[in-house]
Amino acid sequence: MQAMVRTLFDYNLWAHERVWTGILTLDDERFARPFDYSIGSVQAQMTHVLSVDNRWLARVAGRDVPPHLKPDAYPSAAALREAWARMTADQRRIVEGLSDDQLAEMITYDIPSRGGAKLNTRWEILAHVVVHGTDHRAQILSLLYQLGAPTVEQDLVIYLWERPSPPQ
């Protein structure tokens with residue numbers, strides 16, 4: 001199970017990095033330009049993913065869940081990219097440190113806006129993080145296209161073809 005979860009998580013981080021190549025071409029105005037779709041601007045979308053990933057990984061690691069982040073705290077793509085890099089390093093440490101037994105362990109947590117107490121295994125939560133990231137990357141890629149920025153493919157199979165070597 002470890003190898004599968006690590007592969008999916010590495011894919012998720014790889015795909016985010018590919019999308020960042022387009023995001024970093026945006027000036028501040030296009031980065032924050034509002035859209036009437038999903039969460040809105042590229043700034044709001046990426047802040048949302050950063051915020052939610054931090055919250056899910058805190059649950060997986062047994063930490064206190066941090067408050068939601070606000071897009072206005074990151075007025076430029078470069079500012080958000082710095083916070084993103086810190087989050088990515090923390091995520092890698094957490095995921096790489098999990099054993100099969102820990103991945104299979106049930107975690108109880110509370111989400112008041114979704115009906116209260118919930119129960120999932122760590123691997124289910126980590127799979128959710130990957131799927132959630134894929135959903136928002138697809139939305140962001142559409143916004144990047146509309147803003148005239150470069151877009152990329154984010155398919156899992158492309159990651160598998162390009163990765164240096166499969167995990168052992």
S.K.: Measuring only between side-chain heavy atoms, which start at C-beta, is I125 closer than 4.5 Å to H128?
M.R.: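 Not touching, per the 4.5 Å side-chain cut-off.
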S.K.: Identify the two heavy atoms, one from T7 and one from R163, that lie closest to each other, and give their separation to 0.1 Å.
M.R.: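 For T7 and R163, the tightest heavy-atom pair comes out as CG2-NH1, 3.5 Å.
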S.K.: Using the side-chain contact (heavy atoms from CB on, under 4.5 Å) rule, take V42 and R33 through it: C-alpha gap first, then chi angles, then the decisive distance, then the call.
M.R.: CA-CA 7 Å; V42 172; R33 186 179 295 171; over 6 Å; no
S.K.: Between L156 and V130, is there a shared hydrophobic cluster once you connect ILVMFWY residues whose side-chain heavy atoms come closer than 4.5 Å?
M.R.: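 Linked within one cluster.
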S.K.: Looking only at heavy atoms, which two atoms of F31 and S76 are closest? And how far apart?
M.R.: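 Smallest interatomic distance, heavy atoms only, reads CE2-C, 3.4 Å.
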S.K.: Can you check side-chain contact (heavy atoms from CB on, under 4.5 Å) on M87 and L69, steps first, answer last?
M.R.: CA-CA 12 Å; M87 179 266 298; L69 300 172; over 6 Å; no
S.K.: Show the nearest heavy-atom pair for residues R30 and A149, with the distance to one decimal.
M.R.: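 Result for this residue pair: NH1-N, 4.5 Å.
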S.K.: Given side chains that start at C-beta, do those of L98 and V5 come closer than 4.5 Å, heavy atoms only?
M.R.: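 Contact flag for L98/V5 side chains = no.
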S.K.: Can you name the nearest heavy-atom pair linking I158 to W14, along with the distance?
M.R.: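 Distance-wise, the nearest heavy atoms are CG2-CH2, 3.8 Å.
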S.K.: How many angstroms lie between CG in L50 and NE2 in H68, if you round to the nearest 0.5 Å?
M.R.: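 Atom-to-atom, L50:CG and H68:NE2 are 12.0 Å apart.
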S.K.: Under a 4.5 Å side-chain heavy-atom rule over Ile, Leu, Val, Met, Phe, Trp and Tyr, are Y11 and L57 clustered together?
M.R.: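 Linked within one cluster.
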S.K.: Determine whether W123 and D100 make a side-chain contact, defined as any pair of heavy atoms from C-beta on separated by less than 4.5 Å.
M.R.: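 Sidechains of D100 and W123: no contact.
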S.K.: Between the main-chain N or O of V65 and the side-chain N or O of R59, is there a donor-acceptor pair closer than 3.5 Å?
M.R.: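 It does not hold such a pair.
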S.K.: Does the Q43 side chain pair with the main chain of P71, one donor and one acceptor, at a distance under 3.5 Å?
M.R.: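 Flag set: sc Q43 to bb P71 pair under 3.5 Å.
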S.K.: Near E153 CD, under 6.0 Å, is it more than 12 heavy atoms from other residues, nucleotides or ligands?
M.R.: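 At most 12 heavy atoms, drawn from other residues, nucleotides or ligands, come within 6.0 Å of this atom.
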S.K.: Could you tell me the separation between the OG1 atom of T108 and the NZ atom of K118, rounded to the nearest 0.5 Å?
M.R.: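 It is 12.0 Å, given to the nearest 0.5 Å.
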S.K.: Is the shortest distance from a Lys or Arg side-chain nitrogen in E162 or R18 to a carboxylate oxygen in the other one below 4.0 Å?
M.R.: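 The answer is yes: the pair qualifies as a salt bridge.
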S.K.: Of the options L80, L144, L143, L147, which is the one that meets I23 in a side-chain contact (heavy atoms from CB on, under 4.5 Å)?
M.R.: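 It is L144, the one option of L80, L144, L143, L147 that forms the side-chain contact (heavy atoms from CB on, under 4.5 Å) with I23.
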S.K.: Can you get from V49 to Y159 by hopping between Ile, Leu, Val, Met, Phe, Trp and Tyr side chains that sit under 4.5 Å apart?
M.R.: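 Each belongs to a different hydrophobic cluster.
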S.K.: Between L8 and V129, is any pair of side-chain heavy atoms under 4.5 Å apart?
M.R.: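 Not in contact.
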S.K.: Could you check whether any side-chain heavy atom of V152 comes within less than 4.5 Å of a side-chain heavy atom of V19, counting everything from C-beta outward?
M.R.: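 Yes; the side chains approach each other to less than 4.5 Å.
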S.K.: Counting N and O atoms only, with roles assigned by atom type, does the side chain of D27 sit under 3.5 Å from a partner on the main chain of E29, one being a donor and the other an acceptor?
M.R.: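 Checked: pair present.
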S.K.: Contact between R137 and N12 at the side-chain level, heavy atoms closer than 4.5 Å - yes or no?
M.R.: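 The answer is yes; the side chains approach within 4.5 Å.
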S.K.: Answer yes if Y145 and M46 sit in the same cluster of Ile, Leu, Val, Met, Phe, Trp and Tyr residues linked by side chain heavy atoms under 4.5 Å apart, and no otherwise.
M.R.: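 In one cluster with Y145: M46, no.
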S.K.: To the closest 0.5 Å, what do you measure between CD (Q91) and CZ (F9)?
M.R.: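 The CZ atom of F9 is 4.0 Å from CD of Q91, to the nearest 0.5 Å.
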S.K.: Would you indicate whether the side-chain heavy atoms of H136 and I39 approach each other to under 4.5 Å?
M.R.: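 Yes; the side chains approach each other to less than 4.5 Å.
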S.K.: Checking T25 side chain against G22 main chain: does a donor-acceptor pair fall under 3.5 Å?
M.R.: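 Answer holds: yes.
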S.K.: Mind checking whether W56 and H132 have ring centres under 6.0 Å apart?
M.R.: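 Aromatic pair excluded; centres sit 6.0 Å or further apart.
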S.K.: Step by step, would you call H16 with W84 a side-chain contact (heavy atoms from CB on, under 4.5 Å)?
M.R.: CA-CA 10 Å; H16 282 315; W84 191 275; 3.4 Å; yes
S.K.: So which atom in S51 and which in P67 form the shortest heavy-atom distance, rounded to 0.1 Å?
M.R.: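 Minimum heavy-atom contact is OG-O, 4.3 Å.
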S.K.: For the pair R122 (side chain) and M106 (backbone), establish whether a donor and an acceptor sit closer than 3.5 Å, ignoring hydrogens and angles.
M.R.: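 No; judged by distance alone, with no hydrogens or angles, the pair does not exist.
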S.K.: State whether a side-chain donor-acceptor pair under 3.5 Å links S142 with Q146.
M.R.: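 The answer is yes; a qualifying pair exists.
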S.K.: For Y109 versus L119, what's the shortest heavy-atom pair and its separation?
M.R.: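 Reported closest heavy-atom pair: CE2-N, 4.4 Å.
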S.K.: Look up atom CZ in R81 and atom OH in Y74, then write down how far apart they are to the nearest 0.5 Å.
M.R.: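 These two atoms lie 13.0 Å from each other.
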S.K.: How far does CG of D101 sit from CE of M1, to the nearest 0.5 angstrom?
M.R.: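 The CE atom of M1 is 9.0 Å from CG of D101, to the nearest 0.5 Å.
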S.K.: Are side-chain heavy atoms of L126 and L103 found at a separation under 4.5 Å?
M.R.: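 Of all side-chain heavy-atom pairs linking L103 with L126, at least one is under 4.5 Å.
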S.K.: Is M4 reachable from I94 through a run of hydrophobic residues whose side-chain heavy atoms are each under 4.5 Å from the next?
M.R.: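 Yes, one cluster joins them.
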